[in-house]
Amino acid sequence: MKLPPFDYACPTSLADAVALLAAHDGEAKPLAGGQSLVPMLAFRVAAPALLVDLRKLEELRQIAISARGVSLGAMVRWCDILDDVRLRTAHPLLVAAIEHVAHYQIRNRGTVGGSLAHADPAAEMPGIAVTCEAAIAVIGKAGARVIAAADFFHGPLMTALAPDEIISEIRLPPWPARRRFGFAEFARRRGDFALAGAALFCDPDDGGRVRNAHVGVIGVADRPLRLAAVEDVLNGRAIDHETIAAAAAAARAAVDPPDDIHAGGAYRRALVGTMIERALQSAA
Ligand SMILES: Cc1cc2nc3c(=O)[nH]c(=O)nc-3n(C[C@H](O)[C@H](O)[C@H](O)COP(=O)(O)OP(=O)(O)OC[C@H]3O[C@@H](n4cnc5c(N)ncnc54)[C@H](O)[C@@H]3O)c2cc1C
């Protein structure tokens, strides 16, 4: 299907990009890699008057690793994350999750900011953001602000972003060296969006008991979820067979997935328990 007509701008500074969005009062959209926006144009789900291409904004392409954690610019692509060997120790959970994103071609163009703004409930990056208590930095005509990932996702394609705001970066808190983690997802074909997925980490004490459990799931609600009930089961216990079974049961009880064309709600509920089991086995 042909795209609807639109004007096109390719600014060379973030300030110019924000000014263009602000001047078009909700009728303009940022263009990152086009991996979701172009299909949305083709299907007439979106018909902006102007596309503001972010590809010349070099400041959005940085990956920074410091004592304050990992910062990913909005135009960092999936292949940039997978190619950066530093991230394998600086944030192995991020890398484990992004290994499941789509296929080679899409990983070469799809971006961190595009995924966060698109807010697909089954996407890996939003799930990691919520699980890890990330901070999402945005800039608009009213200035810059930082939104907690827990407050960012409002539903499929719906976020806390104002129409004139651009995501500039996402900041993931520091990753201690002894941290345990696991990521598991199930998709019908490798690279498809997950039918359900689980991301988790914890910091065991010297006796091997879980502390600081963080558990998130994707694909089972209208947005990525953090499951406090599962974290409560895990904290203070060793990761053994009994704990894993209890955590999986708590996860199944905590979600209420809808039926859709890809899977029934009951199947997704069962699947999320299995994904929690697998992620915990991997963490252990
Ligand atoms: C066949 C296929 C399979 C896929 N499989 C997966 C998968 O398994 N897992 C997964 O997570 N993703 C998957 N994706 C999605 C893909 O990885 C991209 O993350 C996603 O499509 C966003 O693409 P993009 O970065 O090119 O953004 P675009 O398509 O350019 O933009 C998407 C939306 O974000 C907005 N936007 C973009 N950048 C910004 C910004 N900096 N600030 C504010 N708004 C912005 C745009 O205006 C638009 O509304 C798949 C995509 C395809 C086509």
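Ligands are counted one by one from 1 in listed order, and the atoms in each one are counted from 1 as well. Because the structure is a prediction, the values reported are computed rather than measured.
Residue contacts with ligand 1, taken as heavy atom pairs separated by less than 4.0 Å, do not involve Leu157 at all.
Where the criterion is an N or O separation shorter than 3.5 Å, residue side chain and backbone included, Gly34 meets it with respect to ligand 1. Note: no N/O pair closer than 3.5 Å links Ala74 and ligand 1 by distance alone. Any N or O atom pair closer than 3.5 Å counts here, and Ile106 shares no such pair with ligand 1. Ligand 1 has no nitrogen or oxygen under 3.5 angstrom from a nitrogen or oxygen of Leu54. The shortest N or O to N or O distance between Glu165 and ligand 1 is not below 3.5 Å. Among the atoms of His103, none of the N or O lies under 3.5 angstrom from an N or O of ligand 1. Residue Met125 places no N or O, backbone or side chain, under 3.5 Å from any N or O of ligand 1. Every N/O-N/O distance between Val101 and ligand 1 stays at or above 3.5 Å. Polar contact check, Gly33 against ligand 1: a nitrogen or oxygen pair lies under 3.5 Å apart. Considering backbone and side-chain N/O of Val38, none are found under 3.5 Å from N/O of ligand 1.
The NE2 atom of His91 lies 10.5 Å from the CD1 atom of Ile98; values are rounded to the nearest 0.5 Å.
The aromatic rings of Tyr267 and Phe186 sit perpendicular to each other, their planes meeting at more than 60°, with 30° as the lower class boundary. Ring geometry for Phe181 against Trp175 counts as perpendicular: the plane angle is over 60°, on a 0 to 90° scale with 30° as the lower cut.
Under a 4.0 Å criterion applied to the non-hydrogen atoms of Ala123, ligand 1 contributes the atoms 11 (O). Interface of Leu161 with ligand 1, defined as ligand atoms under 4.0 Å from a residue heavy atom, comprises 43 (C). Near Ala32, meaning under 4.0 Å from any of its heavy atoms, are these atoms of ligand 1: 25 (O), 27 (O), 30 (O), 37 (C), 38 (N).
Taking 4.0 Å as the cut-off between side-chain N and carboxylate O, Glu165 and Arg145 count as a salt-bridged pair.
For atom 17 (O) of ligand 1, the closest heavy atom belonging to the protein is Trp78 NE1, 2.9 Å.
In the model, His154 has no side-chain atom that pairs as donor or acceptor with a side-chain atom of Arg223 under 3.5 Å.
Here His100 and Phe183 bring their ring centres to under 6.0 angstrom of each other.
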